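What follows is a set of notes on a single structure, which appears directly below.
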Amino acid sequence: MAAEPADCFLDKWHQAAFTQDSVLLGELLADSVEFHSPVSQKPYKGKKMTHAVLYSAVTLFHNFKYHREWTKQVSSDKSLTEYCLEFTADIDGGEGKGMLHLKGVDLITVFQGAGGHCQIVRFEVIVRPLKAVARLGELQAQNIPKMLVLLASATSKL
């Protein structure tokens with residue numbers, strides 16, 4: 001019997017997020033993943049950009065912690081599972097401004113394919129307060145291009 005999606009996914013997701021493991025993070029993303037950002041009107045589509053955005057975020061967050069987690073099966077064959085993960089983190093507030101505290105939720109849809117392999121097919125992040133969202137957008141705009149180069153370099157070495 002294949003592992004339930006919650007069993008195969010959450011442990012790996014936590015490991016990738018808390019250890020900033022870019023390889024594992026990439027393995028958890030489907031090629032066609034869609035990412036909905038709190039600072040962009042349009043979703044990012046595809047593994048390359050989503051990988052860079054998520055990896056950038058986990059490197060920018062300080063004191064990152066999940067507080068509550070909900071799971072819901074959304075398909076009768078148990079191939080699709082949705083997760084709602086409530087988190088807090090601190091980000092650099094800018095020159096001489098200290099840290100900004102933010103609170104948010106990750107809304108993640110995971111597909112479990114044959115053999116029990118789990119991949120994220122949709123990821124949405126909701127963050128508050130507005131000041132933290134704006135600052136996160138600034139930091140991501142600076143950091144994502146660097147992550148794209150870093151991840152491309154790491155991929156070419158494999």
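Note that the structure is predicted; figures quoted are calculated from it, not measured.
- Side chains of H51 and M147 form no contact here, defined as non-hydrogen atoms less than 4.5 Å apart.
- In terms of heavy-atom proximity, S22 sits nearest to L151 at CB-CD2, 3.8 Å.
- Closest non-hydrogen pair, V121 versus F111, comes out as CG1-CB, 3.8 Å.
- Legend: residues meeting ring-ring contact (aromatic ring centres under 6.0 Å, His included) with Y55, ordered by chain and number and at least two apart, are absent.
- Looking at heavy atoms from C-beta onward, L60 lies out of side-chain contact with D92 at the 4.5 angstrom threshold.
- Taking CZ of R128 as the start and NE2 of H101 as the end, the distance is 8.5 Å to the nearest 0.5 Å.
- Few gaps surround NZ on K47; more than 12 heavy atoms of other groups in view lie less than 6.0 Å from it.
- The CD1 atom of I91 sits 5.5 Å away from atom CG of L139, with the distance rounded to the nearest 0.5 Å.
- Taking 4.5 Å as the limit, some side-chain heavy atom of L148 sits within range of a side-chain heavy atom of M49.
- Inspection of the S79 and D77 side chains reveals an N or O donor paired with an N or O acceptor under 3.5 Å.
- Counting heavy atoms from C-beta outward, E86 and K103 have side chains that approach closer than 4.5 Å.
- The CD1 atom of I126 sits 4.5 Å away from atom CG of L107, with the distance rounded to the nearest 0.5 Å.
- Atoms OG1 and CG, from T59 and N143 in turn, are 4.5 Å apart once rounded to the nearest 0.5 Å.
- In terms of heavy atoms, K146 sits closest to Q142 at CE-O, 3.6 Å.
- With sequence neighbours excluded, no residue forms a ring-ring contact (aromatic ring centres under 6.0 Å, His included) with Y44.
- The shortest side-chain heavy-atom distance between L136 and L100 does not fall under the 4.5 Å cut-off.
- With Y83 as the fixed residue, the ring pair (Phe, Tyr, Trp, His ring centres under 6.0 Å) test singles out one of F9, W13, Y66: F9.
- Contact record, H117 with E27: NE2-O, 4.1 Å, taken as the closest heavy-atom pair.
- In this structure, V133 and V127 approach most closely via the heavy-atom pair CG2-O, 3.1 Å.
- At least one side-chain heavy atom of V53 sits under 4.5 Å from a side-chain heavy atom of I144.
- Side chain of S153 to backbone of V149: no donor-acceptor contact under 3.5 angstrom is found.
- Note: the hydrophobic cluster containing L25 also contains F18 (ILVMFWY, side chain heavy atoms under 4.5 Å, direct or indirect links).
- To the nearest 0.5 Å, atoms CG (D21) and NE2 (H14) are separated by 14.5 Å.
- Side-chain atoms of S56 do not come within 3.5 Å of backbone N or O of Q140 as any donor-acceptor pair.
- When all heavy atoms of V110 and I108 are compared, the pair lying nearest together is CG2-CG2, 3.8 Å.
- Note that NZ of K12 is 10.0 Å distant from CD of Q119, once rounded to the nearest 0.5 Å.
- I120 is not listed as a side-chain neighbour of F35, based on a closest heavy-atom distance of 4.5 Å or more.
- Using a 4.5 Å cut-off between side-chain heavy atoms of Ile, Leu, Val, Met, Phe, Trp and Tyr, with links allowed through other members, V105 and F123 fall into different hydrophobic clusters.
- The closest side-chain heavy-atom distance from R68 to W70 is below 4.5 Å.
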